[in-house]
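Predicted model, so just to flag it, every value in this text is computed and none were measured.
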Amino acid sequence: MSQAPLVLVDGSSYLYRAFHALPPLTTSKGMPTGAVKGVLNMLKSLRKQYPDSLFAVVFDAKGGTFRDEMFAEYKANRPSMPDDLRVQIEPLHASVRALGYPLLCVEGVEADDVIGTLARSSAAAGRPVIISTGDKDMAQLVDGHITLVNTMTGTVLDVAGVHEKFGVGPEHIIDFLALMGDKVDNIPGVPGVGEKTAVGLLTGIGGGLRDLYENLDKVPGLAIRGAKTLPAKLEEHRDAAFLSYELATIKIDVPLDVEVDALVCGEPDREALLELYSEMEFKSWIDEVQREAKRAGQEIIADEPEPVVEARYETILDQARFDAWLEKLRQAPLFAFDTETTGLDAQQAQLVGLSFAVQAHEAAYVPLTHSYMGVPEQLDRDSVLLALKPLLEDPTKLKVGQNAKYDMNILANCAIGGDVANGILMQGVAYDTMLESYVLDSTATRHDMDSLALKYLNHTTIGFQDIAGKGAKQLTFDQIALEQAGPYAAEDADVTLRLHQVLQQKLAKVPSVQPVLADIEMPLVPVLAKIERQGALVDANLLGIQSVELGDKLVELEREAFEIAGEEFNLGSPKQLGVILYDKLGMPVLSKTAKGQASTAEAVLAELAEMDFPLPKVLMQYRSLSKLKSTYTDRLPEQINPRTGRIHTSYQQAVAATGRLSSSDPNLQNIPIRTAEGRRIRQAFVAAPGYKLLAADYSQIELRIMAHLAKDEGLLHAFRNDLDVHRATAAEVFGVALGDVTTDLRRSAKAINFGLIYGMSAFGLAKQIGVDRKQSQAYIDRYFARYPGVLAYMERTRAQAAEQGFVETLFGRRLYLPEINAKNPALRKGAERTAINAPMQGTAADIIKRAMVAVDNWLTESGLDARVILQVHDELVLEVREDLVDQVRQQIRPYMSNAAQLDVPLLVEVGVGANWDEAH
């Protein structure tokens with residue numbers, strides 16, 4: 001009995017072809033869906049033809065590939081992807097996965113390369129392969145085991161079919177493409193050589209491109225289009241021909257983290273399909289899924305598509321209409337709001353206008369400071385803001401925003417009457433659609449408005465670039481004509497309100513996560529806004545001095561590198577560095593790039609440095625200091641706000657899947673503190689005159705959470721009795737008395753404690769503590785023998801995650817794990833590691849957030865001259881008036897330690913200093 005073939009689908013090829021070849025199809029709301037339907041129809045047809053086959057649907061990943069590095073103009077002639085096609089990619093990927101097909105996207109290579117690798121490895125193992133594509137380049141892969149099928153045209157290409165279609169066999173397709181070039185992909189080829197000439201050259205010489213160039217004297221000396229002879233033309237463009245050969249060659253050795261045997265079509269996720277088909281209004285498929293569900297004993301009901309409603313948006317330019325809307329807002333139980341501004345920096349952008357919505361599909365925009373030539377007269381800015389101020393500052397008037405923290409900061413800085421202190425301190429922001437989506441499922445989608453509108457409303461919003469343009473000529477919002485600005489701004493408020501209505505219904509079905517939104521995330525929004533506005537004082541002179549010193553050190557390191565290498569080279573060039581490391585100095589090649597070049601990545605240099613090669617050590621130090629200089633000592637002074645004289649980082653609540661806060665512009669989470677140079681950067685964060693910095697830091701919070709979750713008696717005993725947990729672990733694991741634990745043993749025990757939390761393998765632990773893998777595994781086994789509760793927790797968590805598809809923090813925050821039951825062992829194990837760690841990391845995130853709210857409430861109510869200026873990892877940094885330092889030091893501890901009730905105490909360590917490093 002013959003083996004079922006492996007079916008490999010060129011999803012990217014079919015996506016483009018379906019979009020251009022099939023009639024356009026849109027939903028009643030204008031969402032384009034034709035390409036999705038075309039590709040899914042093709043997949044369904046293939047599945048019927050090959051019901052027992054392994055399958056993979058392969059798409060191009062985002063970003064460039066090794067071919068772009070090889071030839072900067074590769075695919076440069078291709079027009080940018082049409083917006084009507086771009087918005088179909090995410091629903092198509094989601095539909096493919098929901099149908100149960102394995103879907104592959106590999107960064108750095110094209111879909112062709114992934115298909116080529118899978119096809120050739122399968123063919124080598126004797127398995128027949130069907131490649132479903134419309135791409136002629138794939139003909140180079142055809143052999144006795146590999147066949148091309150074009151589902152859209154019904155054509156099949158085997159070896160004989162390739163000969164018939166192209167005039168050459170599969171073994172010469174790359175040569176054929178190299179000579180002809182490809183206008184679509186901008187592969188240059190040899191100018192003037194077309195299809196017939198290419199076939200004639202290859203069949204006439206009887207070999208490939210290299211044979212052709214070795215026998216140019218045998219090529220007829222005919223002139224091409226009255227210009228140079230063909231041999232002269234070929235010689236002139238020799239380099240282009242061989243570059244084209246490389247560009248046209250499909251890579252067949254892409255490192256993949258999936259085995260062919262794992263490419264099994266799974267059962268369809270009918271609930272997900274119903275939701276997707278309902279969004280895209282595929283009515284016949286909705287019925288089909290419901291019938292299949294009924295036969296399988298499921299009862300699922302599709303959401304009815306919302307009827308199309310004409311939006312009613314208005315731009316308010318007269319007092320009467322503004323007064324009418326103001327009354328609407330006062331009477332509304334809840335309204336959505338949004339601001340339009342001149343930029344993305346909430347501390348420096350200027351307010352341009354505001355928009356509001358009180359019911360779905362109805363919204364208004366109030367322009368205030370549009371300033372282009374011919375702009376209609378607008379209402380007086382200060383008068384509008386003064387009229388809105390009581391309403392916006394009323395905590396009983398409920399509001400909903402999308403990323404409301406930004407708008408709150410804009411309004412707080414809006415300086416009514418030119419007075420910076422006279423802004424609008426907005427209260428009553430009860431909901432934020434970004435956070436509603438994030439709490440509902442942190443990993444399901446991005447949480448920006450455009451993504452949410454497409455996912456939950458089937459609505460494609462007006463893009464900012466559509467009205468403002470792109471690049472250097474992009475307009476700021478105050479320069480955009482009201483005819484375009486009005487609908488754009490009003491839509492923002494309308495979509496925010498509509499998203500809230502949908503997301504509230506979805507959150508109501510998951511009661512456990514509602515307190516996360518109501519008690520943690522929403523109360524934190526005004527706290528973070530306040531911290532961002534406060535900012536941190538930075539000593540620019542100190543950073544300048546350090547920058548000069550780092551520059552001198554980098555010059556020294558560069559000289560040292562040149563001496564070791566025996567020549568000068570560009571330390572920032574991977575190509576030159578590869579030549580020095582591997583060709584000249586003969587170091588072992590530990591890893592290769594997607595292009596097959598020897599890697600010079602950080603991890604490779606670290607491994608070479610461990611082998612006592614001196615140059616990698618110098619290079620790592622050079623890279624580290626160079627990054628410090630460019631990211632911090634050079635950049636931070638430029639980020640000081642000229643109005644406040646402080647640096648104002650921005651905190652993101654809806655980025656990290658586990659609930660952790662992240663910061664940007666600048667990112668203060670990643671300042672290294674294990675090096676003297678990194679600590680010096682913290683020394684530049686200083687207290688204002690008459691103040692001190694106070695740093696309050698949770699000690700070993702994730703290990704304490706582990707003790708609570710695992711209920712392990714050994715860990716509970718250590719923390720309840722205020723023992724040094726790493727020393728206690730060292731005594732248990734290494735079998736020594738507590739008093740005999742050395743610094744090195746404690747360090748190794750610390751690596752074990754934290755390594756196991758993060759799912760570190762015996763191999764990883766061995767590298768970290770400098771022992772062989774066998775010894776490392778013995779330490780892990782002994783650890784679990786001494787702390788059986790930890791092992792039981794891990795096993796219990798894996799099982800629960802596999803059963804329910806998610807894990808939760810102590811406070812109910814969920815992290816969904818789509819790969820937890822993946823057939824691919826690497827994906828599954830990665831999800832299991834996340835399942836074990838996420839409840840600890842997520843609970844720690846919840847605790848620090850709760851602490852921030854509690855500390856802010858205390859400081860606000862007490863009137864103490866102290867304020868939080870930074871939050872980094874498990875630490876709060878406060879600026880405190882000098883005479884209040886002792887009081888704040890004593891009082892902050894209980895507010896932070898009582899942010900959660902665990903089976904072990906939460907220990908808070910407090911330090912004070914004139915700068916951040918000293919306080920930490």
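- Under a cut-off of 6.0 angstrom, the local environment of CD in Gln350 is sparse, with at most 12 non-hydrogen atoms contributed by other residues, nucleotides or ligands.
- Under the 4.0 Å criterion applied to side-chain N and carboxylate O atoms, Arg646 and Glu879 are assigned as salt-bridge partners.
- A side-chain donor-acceptor contact under 3.5 Å links Gln427 to the backbone of Glu393.
- Side chains of Ile531 and Met852 form a contact here, defined as non-hydrogen atoms less than 4.5 Å apart.
- Aromatic pair Phe337/Phe356: ring centres not closer than 6.0 Å.
- Of the possible polar contacts, none joining the His447 side chain to the Leu452 backbone as a donor-acceptor pair under 3.5 Å is found.
- A donor-acceptor pair under 3.5 Å is absent between the side-chain atoms of Asp382 and the main chain of Ile416, judged by distance alone.
- Although no hydrogens or angles enter the test, the distance criterion places a donor-acceptor pair under 3.5 Å between the side chain of Thr341 and the main chain of Gly343.
- Of the possible donor and acceptor atoms, none in the side chain of Thr339 sits under 3.5 Å from a partner among the backbone N and O of Leu354.
- Within the 3.5 Å criterion, the main-chain N or O of Ala346 finds a donor-acceptor partner in the side chain of Asn413.
- In this structure, Lys455 does not pair ionically with Glu90, as no charged nitrogen and carboxylate oxygen lie closer than 4.0 Å.
- Ring-centre distance between His361 and Tyr313: not below the 6.0 Å cut-off.
- A salt bridge links Arg813 with Asp846: the distance from a Lys NZ or Arg NE/NH1/NH2 to an Asp or Glu carboxylate oxygen falls below 4.0 Å.
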**Study point:** Leu817/Phe806 under side chain to side chain contact (heavy atoms under 4.5 Å, CB included): CA gap, chis, key distance, verdict
**Key:** CA-CA 5 Å; Leu817 302 157; Phe806 61 85; 5.7 Å; no

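- Within 6.0 Å of CD in Glu377 there are 12 or fewer heavy atoms belonging to other residues, nucleotides or ligands.
- Using cut-offs of 30° and 60° on the angle between ring planes, the pair Phe282 and Tyr277 is tilted.
- For the pair Ser355 (side chain) and Ala489 (backbone), a donor-acceptor distance under 3.5 Å is present.
- You'll find the ring centres of Tyr488 and Phe477 inside the 6.0 Å limit.
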Practice item. Would you please test Gln319 and Asp323 for side chain to side chain contact (heavy atoms under 4.5 Å, CB included) and show each step? Key: CA-CA 6 Å; Gln319 191 64 41; Asp323 291 342; 2.9 Å; yes

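- Surrounding CZ of Arg381 are more than 12 heavy atoms belonging to other residues, nucleotides or ligands, all under 6.0 Å away.
- Note that the CE atom of Met280 and the CH2 atom of Trp285 stand 8.0 Å from one another [nearest 0.5 Å].
- Distance alone, capped at 3.5 Å, places no donor-acceptor pair between the Gln479 side chain and the His370 backbone.
- With Glu436 contributing its side chain and Gln504 its backbone, the two residues share no donor-acceptor pair below 3.5 Å.
- In summary, Glu275 and Arg270 do not engage in a salt bridge, as defined by a charged side-chain N under 4.0 Å from a carboxylate O.
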Exercise for review: For side chain to side chain contact (heavy atoms under 4.5 Å, CB included), just list the numbers for Tyr456 and Glu279, CA-CA rounded to whole Å, side-chain angles, deciding distance to a tenth of an Å, and then say yes or no.
Suggested key: CA-CA 8 Å; Tyr456 294 111; Glu279 287 175 0; 5.7 Å; no

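- Under the 4.5 Å side-chain criterion, counting only non-hydrogen atoms from C-beta, Ile520 is not in contact with Leu524.
- Side-chain contact between Val807 and Arg814: absent, with no pair of heavy atoms (C-beta onward) separated by less than 4.5 Å.
- Between the OG1 atom in Thr496 and the CD atom in Glu491 there is a gap of 9.5 Å [rounded to 0.5 Å].
- No side-chain heavy atom of Leu368 sits under 4.5 Å from any side-chain heavy atom of Val352.
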Practice item. Report the C-alpha distance between Val868 and Asp856 in whole Å, list the side-chain angles of each, state the deciding distance to 0.1 Å, and finish with yes or no for side chain to side chain contact (heavy atoms under 4.5 Å, CB included). Key: CA-CA 8 Å; Val868 179; Asp856 181 76; 6.0 Å; no

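- In this structure, CH2 in Trp325 is found 14.5 Å from OH in Tyr365, a value given to the nearest 0.5 Å.
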